[in-house]
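Report on the structure given below.
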Amino acid sequence: MQRLEKLELIWQSLPLLGEGVLVTMTLTISLLGVGLLLGIPVALGQAYGPRPVRLLMSSYERFFRAMPILVLLIVCFYGLGFWGIYVPAFGTAVVVFGLHSSAYQSQIFRGAIQAIKEGQLLAARALGMSRLQAIRYIVLPQALRLSLPGWSNEYSGVLKDTSFVFAIGVTELTRQGWQIAMRTREIFLVFITVAVIYLILTYLGTWLLERIERRLSVPGLAGQRREEHGRVI
Amino acid sequence: MRSRVRWFVAVGLLALVVGMIGGVPQAQTQAFKVCSDIAWPPFEWVDARGQFVGFDLDVMRIVALLKGYRIDIQNLAFDSIIPAVVAGQCDIGASGFTITEERKRVVDFSDPYWESNQAVLVHAASGLNIITAFKAGQIIGAQRGTTGADWVEQNVIKQGINVTLRLYETYPLAEQDLINRRIHAVVEDEPAAKVAVKTSRGALKIAGMINTEELFGFLVRKGDPNRLLPRINDGMKEMKRKGIWNNLIEAYFGVDVNLDRVAQCYADLKGWLDRNQPEAYAENLAACMSGQTYRRP
Amino acid sequence: MSSEYKVSSEASFVVRVADLHKRYGSEEVLKGVSFAVRQGEALAIIGPSGTGKSTLLRCINRLTEPDRGRIWLENTEITNAKTDINKIRQQIGFVFQDFNLFAHLTALDNVRLGLTKVKKLSLKEATERAMIELRRVGLAEQAQKYPAQLSGGQQQRVSIARALAMDPKLMLFDEPTSALDPELIGEVLHVMQDLADEGMTMIVVTHEMGFARSVCDEVIFMEKGVIVEQGPPEQIFTQPKQPRTQQFLSKISELYGRTSS
Ligand SMILES: Nc1ncnc2c1ncn2[C@@H]1O[C@H](COP(=O)(O)OP(=O)(O)OP(=O)(O)O)[C@@H](O)[C@H]1O
Ligand SMILES: [Mg+2]
């Protein structure tokens, strides 16, 4: 009887938890997108830019890696409020998390660029490609492949970080769970459910990224890179 | 009620620093933003249908009706509300805020609308009373940074009684440990304790009350730039005059009330508010919440 | 030797190098190198390790910037700052010791990329051309394989096809067989020999003395950043004028045990 009631409680909570999942996933995917769009130029700037650009990109990256995400969120959201600029909380979250993630993603990406043999770029230039073409057709496709395992980590990391956004009033999965728990006082039951949902989301995301990795995999790159290192080049 | 000091100070200071760098808030639109951490029944919580319900929120809605302005309710982490009000992201904080001197330095409060005391929760089968609950060697739970925790510190431990104070991030966790009989008593706000007794299905009971006489108030930005406090204070008086106030108290704090009914009741009755009839709303809400017949708009 | 004669502006020279200097820090790697290569000529550059042979080759398509000296490809001065170096490089094929095939592309795409992205050919034209070159190096069947799936010899042949597809006026080979297992060297040398027979102008840095002797028209012996001796292979290999050349050749034949292929 008790047990049945509890099952029912979870069942009835699913729509609200689902809303939370939607917010969490929308935020996670958008922030990863923003982070990627910003992270790639930052990494390229660090790897190939002239000294001032390298310096600028490094300080950008170091700044955002040093900032706790909560501090950034609060400074941006409330800071803008002082200037009379009222930004939507969700948009702020996407931008702030995106900036933060771009710093981390740029590191993943820079590592991947550094793993690419210098000869690859030389061969491209020797064909008459411009620097930009060489980066576009040789460096990017290889580095993106090499980055995928790192992105799996970044994904599961930011997925959990998104629970901070309630500080600026965005109701995501953890907060939905909290609201249900406070109404029903079934804290453990609700949060075990929430934990299972996070597990599923993490698993699904990494599974998807692994699939992409496999789909894009090229013999001698990515997964097999280490074993065949000496042979490829 | 909830006054987690560390957090509050940190976030508040940050907000003030940012504020000093920043400028002056812009002119407001007609709608005022009411910010509340909507997870603390019966003052404010999210019901099973996802609706924002509770005493604080109904007071805010009805005052707005009576005084002729609109409100948007924004769900926001408790610790963020005062910074948000200071920053101008929220116009009113309505989340069971205890009026304290510390907070008064950064925000202005309305007239008190609630007096809260601390309840001593024990397990129903333990046979403990308000005296024996604090016997030496026992473990007392409370939420970190709350009046309840402070009271145990000052009036039990500092008096030389050798109890262990176990602090929790939130009081429902303390209640859970009490149900599992890993601690002997919990000291927390009276309304929250009453909710705990109801949801525990008889596992918990209130052994007695401690008078701390905390007062709750609504809060606005320092200096009340939107002239909201007179309207709120006046609106509350009007609610009392018209009997709305008592009906709301009945609806949310009454003896026969089942808070789970709120999803149905609020959905059925909020039309009264849309029709600008707060008296009918409050009267029927009180009836509905205690399981009596009520009239839909 | 008469560098004056070599650098004179004669239309039949594909490449001319005059007084080339390059230093890395305090080490002067090239100390005034001059020579020229005629249309259809295959030039071998031999010499001990660290002598500046690779540096010289890279200066010719400015993968390395020379400090001083001038280089012409036909009548265009490569070393002129106004020259569009990407245009020049399209006309000079470069084959690396380590192949440097694009690791993420199939053999076909390796050959095709320069055609579509640099020469802006349509995919169809590029594919046709790429397949011709792969067939020429005997790898049409391996077109869909990735570099990691090919042997070293096959990779080096793909990289030759990649360079040839661009229709170069000049091919530069930097020790193209040095990274290969001995049994794979022959297939690459074979492709290069065909190329020389077809009249491709080429400069080959190599330790394969047999190849230099039987295939090339001219041999340069370099040491410590200068050209020590230059002449037709028969002369260099049978009656070297300089004692240093003699020493080097005898050491090489000890090391490699063969001077004919
Ligand atoms: N990028 C560079 N930076 C500094 N020194 C360099 C660089 N490239 C080459 N060198 C130095 O220049 C000298 C000539 O190098 P180079 O590679 O041209 O010789 P090589 O004749 O091709 O030798 P090998 O037969 O070993 O390939 C060497 O001492 C080398 O260390
Ligand atoms: Mg070399």
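Lettering of chains follows the sequences in order, A, B, ..., and the numbering in each one begins at 1. Just so we're clear, the structure is a prediction, and the values are computed from it rather than from any experiment.
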Give the member of C/His104, C/Gln91, C/Lys119 that has the highest number of heavy-atom pairs under 4.5 Å with chain A. C/His104
Within a reach of under 6.0 Å around NZ of C/Lys120, are more than 12 heavy atoms found that belong to other residues, nucleotides or ligands? yes
Counting only heavy atoms not in C/His21 (residues, nucleotides, ligands), do more than 12 fall under 6.0 Å from its NE2? yes
Kindly write out the residues that satisfy ring pair (Phe, Tyr, Trp, His ring centres under 6.0 Å) with C/Phe96, not counting sequence neighbours, or none if the list is empty. C/Phe94
Locate the shortest heavy-atom distance separating A/Val218 from C/Ala103; write the atom from each residue and the value. CG1-O, 3.3 Å
So if I take each residue of residues 129-137 of chain A and look for any heavy atom under 4.5 Å from a heavy atom in chain C, which residues do I end up with? A/Met129, A/Ser130, A/Gln133, A/Tyr137
Side chain / backbone / both / neither for C/Ile88 at chain A, heavy atoms under 4.5 Å: neither
Tell me, side chain or backbone of C/Tyr146 under 4.5 Å from chain A's heavy atoms, or both, or neither? side chain
Top contributor to chain A interface from C/Gln90, C/Arg62, C/Lys87, C/Lys145 [non-hydrogen pairs under 4.5 Å]: C/Gln90
C/Arg58 side chain reached by A/Leu122 side chain, heavy atoms, under 4.5 Å: yes
So which heavy atom on C/Leu63 is nearest to which on A/Arg125, and how close? CD2-CB, 3.9 Å
To the nearest 0.5 Å, what is the distance between CG (C/Asn86) and CG (A/Leu127)? 10.5 Å
Rounded distance (nearest 0.5 Å) linking atom CG of C/Leu105 with atom CD of A/Gln142: 7.5 Å
Could you check whether atom CD of C/Glu141 has more than 12 heavy atoms from other residues, nucleotides or ligands sitting under 6.0 Å from it? no
Stepwise side chain to side chain contact (heavy atoms under 4.5 Å, CB included) check, C/Asn100 with A/Glu118: CA-CA 9 Å; C/Asn100 291 341; A/Glu118 195 209 354; over 6 Å; no
For atom CZ of A/Arg54, is the number of surrounding heavy atoms from other residues, nucleotides or ligands below 6.0 Å larger than 12? yes
What heavy-atom pair brings C/Ala148 and A/Pro219 nearest, and what distance separates the two atoms? CB-O, 3.5 Å
